[in-house]
Amino acid sequence: MPSPIASITLILAAPAAVIPLSLAIGRPRWAEYLNLAAALLVFVLGAPLPWRVHGRVVWGHGYLMIDPFGAWVTLCTAAVYLLASLYSIGYLRGMTDVRDTLHRYYALFAAFGLTMLLTPLQNNPGLYWICVDLTTIVSAFLVGFQRQPESIEAAWKYIVLVSAGLSLALLGTVLFYWGGTFTLGPTYAMTWQSLRAVAPHVPPPLLMLSFLLVLIGFGTKVGLAPMHTWLPDAHSEGPAPISAMLSGALLNCAMLGLVRYLGVLEHAGLGALPHMLLIVFGLFSLLVAALFITRQTGAKRLMAYSSVEHMGVVALGFGFGGPLGVAGALFHMLNHSLNKCLMFFGAGNMMHAYGSKDMRAMRRVGDYFPVTGTLWLAGAVAITGTPPFALFLSEFTILRAGFSTSQWWAALGLGALLIVIFIGFLAHFRRMFYGAAPDHPPHRTVSLWQTTPMWLSLLPLLVLGLWLPHGLWALFRHIAAGLRVGAAP
């Protein structure tokens with residue numbers, strides 16, 4: 001196994017090579033297999049990375065950094081990249097309207113994967129902001145790839161709203177840099193470590209204003225309510241594998257920045273208000289998700305509001321803080337990534353089969369598609385936090401973290417809203433699986449390319465729900481100690 005730095009180099013080189021090769025060759029089959037090979041290499045090298053990085057490794061003249069937290073986000077991204085690459089092959093082969101442009105799709109797909117893999121490696125907060133912005137630019141083309149009026153409108157809405165949020169995040173980043181000049185002079189190397197070191201000497205009002213701006217800015221990218229309004233359209237109108245990438249990988253990359261900035265304020269002894277803000281935004285996200293999930297009719301919009309819910313759960317985990325809250329949030333990031341791939345893949349299969357995005361047109365799914373339907377239904381049970389799946393463990397861990405602090409009221413709110421979402425979400429699946437027979441039976445078959453990634457998403461959720469390896473829990477404790485995110489007061 002190559003060293004961590006060599007592994008990261010290969011992880012970045014693999015999707016980077018796919019971009020020019022796909023465009024130069026111009027053949028869809030070559031492009032899809034090149035992208036799949038790159039995704040497999042990224043996963044093989046990225047999966048063990050969190051256990052191989054024991055401290056903070058900086059290289060590339062100080063611009064790049066890999067630490068256990070960044071390696072964990074890389075693992076989540078690599079898993080989603082591989083699953084979505086597998087699913088793309090079967091999903092897009094059945095779409096005749098994009099057959100001539102598939103080589104461009106895979107070039108953009110690899111570019112999207114590359115930007116997300118670059119994001120957690122940035123040692124400079126300014127470069128981190130640039131990478132997050134690059135993910136927006138590349139993924140906007142993928143959201144509107146089918147060139148339908150709805151998808152193009154969603155892509156523009158995505159660009160406008162997220163760019164507005166990232167403008168605030170940029171202003172917050174500039175203010176963080178300005179705060180450092182009071183101690184380090186007008187020019188200095190702005191890194192996460194230098195911000196933590198200088199934070200105790202920065203005026204507290206400036207630090208709080210800076211954090212509020214980056215919270216709103218990157219919170220827009222995370223999909224926290226009320227900055228979430230781009231997310232339902234972008235997730236529902238893009239191709240299903242892109243929806244999985246947006247929900248399962250991109251949101252984690254944006255959450256990483258918020259947690260790093262939270263660590264900066266913790267180092268200055270100002271963690272109380274940032275913790276409370278994360279808790280409030282997390283609870284509000286769950287409330288909004290609960291209200292909209294119960295009244296959805298579009299299959300992928302339902303999954304999109306589920307993403308708002310689960311990023312709210314992650315925000316609550318980091319907001320509660322402490323070893324338990326951070327461990328629960330980290331575990332939930334992986335669980336949500338896998339589960340949301342499963343849900344979007346199932347939604348994509350059913351949309352093609354029934355010729356509609358409307359869940360009211362999808363009836364007797366289990367009768368017509370016993371394998372795909374069963375996998376999708378199992379994913380729906382898992383995504384609502386039901387045992388024996390892993391999301392139950394991560395949500396229960398976050399609840400325990402909340403009750404161990406003075407923010408027990410937030411933990412009660414979390415539990416109540418999860419129950420509401422459980423009822424509302426599964427009510428849609430009850431109608432799709434046990435409702436009246438459809439007027440026109442589905443006519444599409446589902447290939448192995450479309451079901452295999454669903455199996456690969458579901459099985460880890462079941463295994464991790466029944467058995468949590470000691471090495472995984474030890475890793476979470478190690479990451480929590482490195483982040484130094486204390487418990488909420």
Side-chain angles (χ1 to χ4, degrees), residues 36 43 79-94 235-236 239-245 247-249 293 296 298-304 306-307 310 334-357 359 361-394 422 425-435 438 441-466:
L36 181 58
F43 180 75
V80 175
Y81 183 27
L82 176 59
L83 293 168
S85 296
L86 272 170
Y87 182 73
S88 289
I89 296 174
Y91 180 82
L92 293 171
R93 282 182 181 178
H235 284 41
S236 64
I242 301 308
S243 301
M245 292 273 278
S247 181
I293 280 174
Q296 284 310 302
K300 287 174 68 181
R301 289 185 75 86
L302 178 67
M303 310 311 158
S306 174
S307 297
H310 286 285
L334 175 64
N335 295 335
H336 175 249
S337 294
L338 295 171
N339 211 155
K340 201 46 65 70
C341 286
L342 172 58
M343 297 311 295
F344 275 115
F345 297 162
N349 291 343
M350 293 304 103
M351 285 165 49
H352 276 187
Y354 286 88
S356 174
K357 300 176 182 178
M359 289 185 290
M362 302 175 189
R363 289 291 183 266
R364 295 289 178 177
V365 171
D367 294 344
Y368 292 110
F369 303 96
V371 175
T372 304
T374 301
L375 290 170
W376 200 31
L377 181 60
V381 172
I383 202 74
T384 54
T386 306
F389 297 101
L391 273 88
F392 170 76
L393 284 182
S394 55
F422 169 84
F425 196 94
L426 289 182
H428 296 295
F429 278 79
R430 180 187 60 81
R431 288 188 287 269
M432 285 190 288
F433 278 75
Y434 303 107
H443 58 276
R444 285 288 302 275
T445 58
V446 180
S447 70
L448 279 175
W449 288 110
Q450 293 168 276
T451 55
T452 300
M454 297 180 71
W455 281 107
L456 294 176
S457 302
L458 179 65
L459 291 177
L461 292 171
L462 181 58
V463 171
L464 291 175
L466 296 171

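Both backbone and side-chain heavy atoms feed into the values below; hydrogens, waters and symmetry mates do not.
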Which atom pairs, donor and acceptor, lie under 3.5 Å between side-chain atoms of residues 365-379 and protein residues at least two apart or in another chain?
from: Thr374; atom 1: OG1; to: Pro370; atom 2: O; distance (Å): 2.4
from: Trp376; atom 1: NE1; to: Met343; atom 2: O; distance (Å): 3.1

Is [Y] close to [X] at the side-chain level, that is, under 4.5 Å between some pair of heavy atoms?
| X | Y | value |
| --- | --- | --- |
| Asn335 | Leu461 | yes |
| Gln450 | Phe345 | no |
| Phe429 | Leu302 | yes |
| Ser236 | Lys357 | no |
| Met362 | Phe433 | no |
| Cys341 | Leu338 | no |
| Lys340 | Val80 | no |
| Met303 | Ser307 | no |

Nearest 0.5 Å please: distance from the [atom1] atom of [X] over to the [atom2] atom of [Y].
| X | Y | atom1 | atom2 | answer |
| --- | --- | --- | --- | --- |
| Lys300 | Ser243 | NZ | OG | 3.5 Å |
| Ser306 | Arg301 | OG | CZ | 14.0 Å |
| Ile293 | Phe425 | CD1 | CZ | 6.5 Å |
| Thr384 | Phe392 | OG1 | CZ | 11.5 Å |
| Ser457 | Leu83 | OG | CG | 4.0 Å |
| Leu82 | Leu456 | CG | CG | 7.5 Å |

Legend entry - Exam field: side chain Ser85 to backbone Leu36, donor-acceptor pair closer than 3.5 Å: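 Pair absent, no side-chain N/O of Ser85 close to backbone of Leu36.
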Where is the tightest heavy-atom contact between [X] and [Y], given as atom of each residue plus distance?
| X | Y | value |
| --- | --- | --- |
| Tyr91 | Pro241 | CD2-CD, 3.6 Å |
| Leu391 | His336 | CD1-N, 4.4 Å |
| Ala240 | Tyr87 | CB-CE2, 3.9 Å |
| Leu464 | Ala390 | CB-CB, 3.9 Å |
| Met245 | Tyr81 | SD-CA, 3.9 Å |
| Pro438 | Pro441 | CG-CA, 4.4 Å |

Legend entry - Set of residues satisfying ring-ring contact (aromatic ring centres under 6.0 Å, His included) with respect to Phe389, sequence neighbours excluded: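 Residues passing ring-ring contact (aromatic ring centres under 6.0 Å, His included) with Phe389: none at all.
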Legend entry - ring-ring contact (aromatic ring centres under 6.0 Å, His included) against His235, all qualifying residues, sequence neighbours excluded: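 His235: ring-ring contact (aromatic ring centres under 6.0 Å, His included) contacts with Trp230.
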Inset, instruction - Return yes when atom CG of Leu448 has more than 12 non-hydrogen atoms of other residues, nucleotides or ligands closer than 6.0 Å, and no otherwise. - result: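 Result for CG/Leu448: open.
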Legend entry - Pair Asn349, Tyr354: side-chain N/O donor-acceptor within cut-off below 3.5 Å: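 Not at all, the side chains of Asn349 and Tyr354 share no donor-acceptor pair under 3.5 Å.
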